[in-house]
Amino acid sequence: MLGGPGHKTLVGMTRTRLVMLSLAVVFSCLGLRGAFVAMRGVAPETGIARLGPEVTRRADIVDRNGELLATSVTVYSLFADPRAIWNADDVVDGLLTVFPDLDRGRISARLEDRDRAFVWVRRGLTPRQRQAVFDLGLEGLGFRAESHRAYPRGTQAGHVLGHTDIDGVGRMGVERAMDGVLAEGGEALRLTLDSGVQFALESELSQAAMRHDAVGAAGIVIDVASGEVRAMASWPAFDPNRPAMASDTERLNRASGAVYELGSVFKPLTVASALEAGMVHPADTFDLRTPLVVEGKAITDTHALSAIASVTEILAESSNIGTVQIAQKTGPRRLQSFFASLGLTTRAPIEIAPSAAPIAPQIWGDLSTATISYGHGIAVTPLAFAHAMTALANGGEQPVLSLIAETEKADPARVMSAPTARVVTQMLRSAVLEGTGLRADVAGYRVAGKTGTAEKPVPGGYAADRNITSFAALFPAHSPEYVVLIVLDDARALEGEGATAAWTAAPAAGRVIERIAPLLGVAPRLEDVEDMPRASLDRRAL
């Protein structure tokens with residue numbers, strides 16, 4: 001009978017069978033899907049177990065002698081496909097046993113996002129971490145081989161080399177400036193640096209900075225014939241292996257990425273400009289007994305020089321009054337043009353990032369010309385200034401600045417005559433023998449150079465008790481081969497000494513030259529030792 005008890009029983013049994021059959025089909029599909037994933041992994045188009053194209057190994061960086069400075073090593077990074085994870089909480093619990101510093105809430109949210117096929121869990125695993133994760137046997141995880149940058153010499157040349165980010169992209173220094181070349185792989189990129197010279201420069205620079213409790217320091221060594229940078233250092237040091245741990249102060253490359261008013265080291269260039277223009281003769285004399293007034297501002301000397309002085313004496317005694325008189329004879333237009341020809345009004349052209357732009361007035365009036373003549377009112381990088389000094393050392397020809405070896409270079413640019421360069425270099429030798437550079441001289445190496453002490457600019461003017469001290473050296477003076485520049489930021493006086501460059505930067509430059517000259521193959525002239533001032537022979541004790 002339709003609708004009777006037997007019919008109801010039959011309908012119920014049919015429904016039960018249909019439900020059971022449906023469940024069987026569902027579980028069969030899930031089982032087949034699981035078996036398929038287990039055997040083949042997730043479909044390639046989802047990108048779950050696929051390693052993708054092999055990452056090109058970034059090219060090594062070496063010094064001029066082939067010493068390794070930067071290289072790439074293979075590391076493994078952990079990723080996950082949230083769509084292949086059955087229980088995100090279990091996976092997170094397991095991961096926390098290996099990486100206890102993981103943010104549970106953040107990683108849980110990422111692993112539960114089923115709309116994503118790929119998320120990073122941790123980059124740059126150690127071999128032990130990788131094995132520990134593998135041993136967990138968790139679903140939905142995988143490893144990807146990546147190239148990681150390593151710097152085997154630690155902080156040495158750290159600011160020059162720079163660093164890469166976690167994806168291997170250059171973010172500072174040569175790594176950034178030459179990123180495209182390095183990313184292509186291939187042969188090592190050879191720098192002009194000499195690791196031995198670099199080590200000596202960094203060592204002496206850090207000792208000088210710490211000895212005088214300086215805020216920072218920079219040092220540069222340039223081959224005057226080729227324009228190649230043999231060493232470039234900034235202090236405090238920077239470790240490219242740990243860029244994320246570095247402070248802003250440590251990351252700052254003070255040699256190429258910071259600008260300073262360097263003070264009296266500019267005076268030789270002012271004199272060269274006047275001699276080259278024919279506005280001043282080496283035998284000319286100037287009255288230093290009376291301060292100058294330019295546009296209402298008094299120009300004075302830090303120590304009174306009540307005399308009629310020659311150009312050589314003006315440089316040796318570092319007279320502001322005498323230098324301004326020389327600049328006035330030259331004129332604003334000629335002085336500005338001469339400084340521009342030396343590269344002091346543009347960024348230093350070098351294969352490194354950053355290379356900071358100078359700060360100079362757009363219009364050189366009488367007052368700005370006066371102050372710029374002795375290194376105030378214009379701020380440049382130490383690298384740009386050291387490059388300018390190569391023209392004096394190289395017979396009036398300025399070589400193209402370079403940090404990459406074995407590259408084609410343009411011919412040197414003549415910016416002054418050879419006689420002008422030679423005369424000014426001789427004056428700088430006198431500044432070391434008889435003037436403020438006395439403590440920079442080195443037995444047998446005939447150092448020529450100039451001190452610079454400039455008050456640091458502060459809001460509203462200059463700080464009378466805070467200085468930038470520097471020493472620019474050419475050696476050996478009779479036939480210069482190298483320029484050495486030392487810059488100390490806010491160096492403090494030692495007991496019984498002064499805080500000027502004569503006491504801070506000059507001795508540091510002398511110690512650098514004493515160490516690097518033998519490394520660079522510069523032979524000493526021993527006949528010069530007996531003629532040296534006793535104070536220079538006793539420099540180490542100063």
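Along the sequence shown, the residues carry numbers beginning at 1.
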> Distance-only, no hydrogens or angles: does the Ser470 side chain make a donor-acceptor pair with backbone N or O of Leu262 under 3.5 Å?
Replying inline: yes
>> Is it the case that atom CZ in Arg242 sees more than 12 heavy atoms from other parts of the structure closer than 6.0 Å?
In response: no
> Any donor-acceptor pair under 3.5 Å linking the side chain of Ser72 with the backbone of Arg58?
Replying inline: yes
>> As an exercise, state the distance from CE of Met389 to CG of Leu269, rounded to the nearest 0.5 Å.
In response: 6.0 Å
> Out of curiosity, Leu78 CG to Leu125 CG, how far, rounded to the nearest 0.5 Å?
Replying inline: 6.0 Å
>> Is it the case that the side chain of Asp239 and the backbone of Asn241 share a donor-acceptor pair, with hydrogens and angles ignored and the cut-off at 3.5 Å?
In response: yes
> Is there a donor-acceptor pair closer than 3.5 Å between any side-chain N or O of Glu351 and the backbone N or O of Met178?
Replying inline: no
>> In the structure I gave you, are the side-chain heavy atoms of Ile220 and Phe385 within less than 4.5 Å of one another anywhere?
In response: no
> In this structure, which one of Arg176, Arg171, Glu175 forms a side-chain contact (heavy atoms from CB on, under 4.5 Å) with Thr164?
Replying inline: Glu175
> Hey, are the side chains of Arg466 and Asp489 touching, using non-hydrogen atoms and a 4.5 Å cut-off?
Replying inline: no
>> Under the criterion side chain to side chain contact (heavy atoms under 4.5 Å, CB included), I'd like the reasoning laid out for Asn467 against Thr500: C-alpha separation, chi angles, the key distance, then a yes or no.
In response: CA-CA 8 Å; Asn467 297 319; Thr500 64; 5.6 Å; no
>> Could you report the tightest heavy-atom contact between Ala491 and Ala499, atom names first, then the distance?
In response: O-CB, 4.0 Å
> Taking the six-membered ring for Trp, are His163 and Phe238 parallel (under 30°), tilted (30 to 60°) or perpendicular (over 60°)?
Replying inline: tilted
>> If we count only N and O atoms by modelled type, under 3.5 Å, do the side chains of Thr71 and Arg57 hold a donor and an acceptor together?
In response: yes
>> Can you confirm whether Arg254 sits close enough to Pro236 that some side-chain heavy atom of one is under 4.5 Å from a side-chain heavy atom of the other?
In response: yes
> Any side-chain heavy atom of Val174 sitting closer than 4.5 Å to one from Leu403?
Replying inline: yes
>> Applying the side chain to side chain donor-acceptor pair (under 3.5 Å) criterion to Ser77, which one of His148, Glu146, Arg144 satisfies it?
In response: Glu146
> Closest heavy-atom contact between Pro507 and Ala501?
Replying inline: CD-O, 4.0 Å
> When rounded to the nearest 0.5 angstrom, what distance separates CZ in Arg190 from CG in Asp60?
Replying inline: 11.5 Å
>> Val121 vs Val133, test: side chain to side chain contact (heavy atoms under 4.5 Å, CB included). Steps then yes/no.
In response: CA-CA 11 Å; Val121 176; Val133 173; over 6 Å; no
> Do side-chain atoms of Thr155 reach the backbone of Gly158 as a donor and acceptor pair under 3.5 angstrom?
Replying inline: no
> Where the side chain of Gln398 meets the backbone of Leu342, is there a donor-acceptor pair that is under 3.5 Å apart?
Replying inline: yes
>> Between Gln131 and Asp135, is there a side-chain donor-acceptor contact under 3.5 Å, judged purely by atom types and distance?
In response: yes
>> Strictly below 4.0 Å, N to O, side chains only: are Arg230 and Asp223 in salt-bridge contact?
In response: yes
>> Would you say that Pro127 contacts Tyr76 through its side chain, given a criterion of any heavy-atom pair below 4.5 Å between the two side chains?
In response: no
>> Could you check whether any side-chain N or O of Asp165 sits under 3.5 Å from a backbone N or O of Asp167, counting only pairs where one atom can act as donor and the other as acceptor?
In response: yes
> How far apart are the C-alpha atoms of Val229 and Ile352, what are their side-chain angles, what is the distance that settles it, and do they pass the side chain to side chain contact (heavy atoms under 4.5 Å, CB included) test?
Replying inline: CA-CA 12 Å; Val229 178; Ile352 191 172; over 6 Å; no
> Do the side chain of Ser256 and the main chain of Pro354 share a donor and acceptor less than 3.5 angstrom apart?
Replying inline: yes
> Which heavy-atom pair separates Ser402 from Thr407 by the least distance, and what is that distance?
Replying inline: OG-OG1, 4.0 Å
> Once you round to the nearest 0.5 Å, how far does OH of Tyr151 lie from CG of Leu161?
Replying inline: 7.0 Å
> Is the closest basic N to carboxylate O distance between Arg122 and Asp101 below 4.0 Å?
Replying inline: yes
> Do Arg153 and Ser195 have side-chain heavy atoms sitting under 4.5 Å apart?
Replying inline: yes
>> Looking at every heavy atom in both Ala258 and Ala356, which two are closest together, and how far apart are they?
In response: N-CB, 4.1 Å
> Going by atom types only, do Ser203 and Gln207 share a side-chain donor-acceptor pair under 3.5 Å?
Replying inline: yes
> Can you name the closest pair of heavy atoms from Asp465 and Arg492 and give their distance?
Replying inline: O-NH1, 3.4 Å
> Any side-chain heavy atom of Glu228 sitting closer than 4.5 Å to one from Lys409?
Replying inline: yes
> Which distance, rounded to the nearest 0.5 Å, do you find between the CG of Leu95 and the CD of Gln129?
Replying inline: 11.5 Å
>> Applying side chain to side chain contact (heavy atoms under 4.5 Å, CB included) to Val91 and Leu141, what does each step give before you reach the verdict?
In response: CA-CA 9 Å; Val91 174; Leu141 300 179; 4.3 Å; yes
>> Tell me if a side-chain donor or acceptor on Arg149 pairs with a main-chain N or O of Gly168 at a distance below 3.5 Å.
In response: no
> What are the two closest heavy atoms between Ile404 and Leu191, and how far apart are they?
Replying inline: CD1-CD2, 3.5 Å
> Does the ring centre of Phe266 sit less than 6.0 Å away from the ring centre of Phe339?
Replying inline: yes
> With a 4.5 Å heavy-atom cut-off, do Phe99 and Ile107 have their side chains touching?
Replying inline: no
> Taking atom CE of Met210 and atom CG of Leu205, what is their separation to the nearest 0.5 Å?
Replying inline: 9.5 Å
> For Tyr462, does the OH atom have more than 12 heavy-atom neighbours from other residues, nucleotides or ligands under 6.0 Å away?
Replying inline: yes
>> Check for me whether Arg130 meets the cation-pi criterion with Phe143, that is, NZ or CZ under 6.0 Å from the six-membered ring centre and within 45 degrees of the ring axis.
In response: yes
>> Donor-acceptor pair, distance only, cut-off 3.5 Å: does the side chain of Ser234 make one with the backbone of Leu252?
In response: yes
